[in-house]
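Numbered from 1 within each chain, the chains take letters A, B, ... in sequence-line order.
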Number of protein chains: 2
Amino acid sequence: MLQDPNIDSSLTKNQSLVLESLNDARGPLSAYSILDKLRNKGFKAPLQVYRALDKLTEFGFVHRLESLNSFIACKHASCDDSAATAFVICDSCEVVQEMSDISISNFMAVLANKASVKPIKSNIELHGICNDCEKK
Amino acid sequence: MLQDPNIDSSLTKNQSLVLESLNDARGPLSAYSILDKLRNKGFKAPLQVYRALDKLTEFGFVHRLESLNSFIACKHASCDDSAATAFVICDSCEVVQEMSDISISNFMAVLANKASVKPIKSNIELHGICNDCEKK
DNA sequence: ATGAATAATGTAATAATATAACATTTACTT
DNA sequence: AAGTAAATGTTATATTATTACATTATTCAT
C-alpha cells in the first residue's frame, strides 16, 4: 500500500513509524502496544511514542479515542481541525467507524452555542454492538 | 443541605460518601482526589473509590468525563440510561456544563443508525473557552 | 430464625497510562 | 558556519486503574 509521499515526507522518522503502526493495525492501539511494535525499530521509551502521537494528532493524521485510552489513524484524506468527527465503537469486535459529515460539525456548533462556549476540540464516542456481532 | 432520603437510602456508606464528595465539589474530581478527601472518613485504597464510582455511574448519579479521567455528579434529578448527555468543558476555568436535551439523544440515535450499531453508551465532550473566560 | 447465596468491603500488590526533567542530536535559517 | 528551533534519547516518576484474595454485611428462601 503506497503512501502519499507529500504526507510522509513532512513527518519525522519516529512520527512515520508510529503512523505506520496505526495504519497497519486493524483497530485502535494503545501507546504502549505501539511501543512494543516499534521496539525492533529502536524504540525504547513511551515518550518516543507519546511525542509522535502528539504531533500526529496535531496534524490530524491520528485521533485519540478517549474512552479507550487508545489511538487510531484517521481514515480521511485530511481531517482538518474545523471538522468534528464521531467514533462508533463496537464493544464486541472492537471495530471503530469514523464518521465525519457536516451534520456532526453542525451539531457540535449548536451545542457550543447553547453553552456559550468557543469550541476548541470535540470528542464524540458511541459504544454499541455492530450489526455483524448482533447477528451472531 | 438535605439529600433526598429515597436516593441516599438506596446507597451504601461508601457510595454515599463518594457521591457527597462529588456533590460538594465545584467541578469534576479524579478518583484519587476523591480518595484523598475521604481518607479522614476511613478510606484507604483506590478500589474503595472506584467500586463506589462504578455503582454510582451505573445508577446514573455520576458521570465519567473520559477526556479528563475524572468524575462529576449528575446535575439532573435522574439521568436514565436512555438519555444521552453532552458535557461542555471550559479548558480555562474547568467549569463543566451538563447538557441533556432530546436533541442530543436524537442525534446519537441517528448516528447509531447510520453506523448500523445498537447503542449502549455515548460519550460527548466539547472542550472550549466559556464566555466569562473569553472576556478576561 | 437459619443457612445459602449475593453484594459490599478491606487490603496489598501490581498493571496500565502518561509526564517531568535534562542531556544530546538533528534540521532549519540567516 | 553560527545560531536557533525542533526533535530525540533516556531515566525516573506521576497518575490512573485493576487483579486477587480474604472478610463482612445483606438479602432471601426455607
Trainee: According to salt bridge (charged side-chain N to carboxylate O under 4.0 Å, His left out), who are the partners of A/Glu94, at least two apart in sequence or on a separate chain?
Mentor: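 If we apply the salt bridge (charged side-chain N to carboxylate O under 4.0 Å, His left out) test to A/Glu94, skipping adjacent residues, there are no hits.
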
Trainee: Just the rounded figure in Å: distance from C1' of D/dT10 to CG of A/Asn14.
Mentor: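 To the nearest whole Å, that distance equals 13 Å.
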
Trainee: What is the distance, rounded to the nearest whole Å, between atom CG of A/Leu56 and atom C1' of D/dA7?
Mentor: 13 Å

Trainee: Using only side-chain N and O atoms of A/Thr12, determine if any of them is under 4.0 Å from OP1 or OP2 of D/dA6.
Mentor: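 So the side chain of A/Thr12 is outside the cut-off, no N or O lying under 4.0 Å from OP1 or OP2 of D/dA6.
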
Trainee: Distance check needed: D/dT10 P versus A/Leu35 CG, whole Å only.
Mentor: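 Going from A/Leu35 (CG) to D/dT10 (P), I get 13 Å.
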
Trainee: For A/Gln15 and D/dA6, what is the distance between atoms CD and P respectively, to the nearest whole Å?
Mentor: 13 Å

Trainee: Tell me the interatomic distance from B/Phe43, atom CZ, to C/dG10, atom P, rounded to whole angstroms.
Mentor: 7 Å

Trainee: Can you measure B/Ile34 atom CD1 to D/dT15 atom P for me and round it to whole angstrom units?
Mentor: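 Value for this atom pair: 16 Å.
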
Trainee: Decide, yes or no, whether a salt bridge links B/Asp101 with A/Lys114 under the criterion of side-chain N to carboxylate O below 4.0 Å.
Mentor: yes

Trainee: Output the rounded distance in Å from NZ (A/Lys13) to C1' (D/dA7).
Mentor: 12 Å

Trainee: Looking at B/Arg39 and B/Asp36, is there a salt bridge between them, counting it only when a charged N and a carboxylate O are closer than 4.0 Å?
Mentor: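 Yes, charged N to carboxylate O under 4.0 Å.
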
Trainee: Write down the distance between CG (A/Leu38) and P (D/dT8), rounded to a whole number of angstrom.
Mentor: 12 Å

Trainee: Answer yes or no: is there an ion pair linking A/Glu98 with A/Lys75, defined by an N-O contact shorter than 4.0 Å?
Mentor: no

Trainee: With a 6.0 Å cut-off (strictly less than), is the heavy-atom count around NZ of A/Lys13, excluding the residue itself, greater than 12?
Mentor: no

Trainee: What N/O pairs connect the protein and nucleotides 14-19 of chain C at under 3.5 Å? Give each pair on its own line.
Mentor:
from	atom 1	to	atom 2	distance (Å)
C/dA18	OP1	A/Arg64	NH1	2.9
C/dA18	OP1	A/Arg64	NH2	2.4
C/dA18	OP2	A/Tyr50	OH	2.9
C/dA18	O5'	A/Tyr50	OH	3.4
C/dA18	N7	A/Tyr32	OH	2.7
C/dA18	N6	A/Tyr32	OH	3.2

Trainee: Please check if A/Leu126 and A/Phe107 belong to a single hydrophobic cluster, counting links between Ile, Leu, Val, Met, Phe, Trp and Tyr side chain heavy atoms closer than 4.5 Å.
Mentor: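 In one cluster with A/Leu126: A/Phe107, yes.
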
Trainee: Distance check: side-chain N/O of B/Gln48 vs OP1/OP2 of C/dT9, anything under 4.0 Å?
Mentor: no

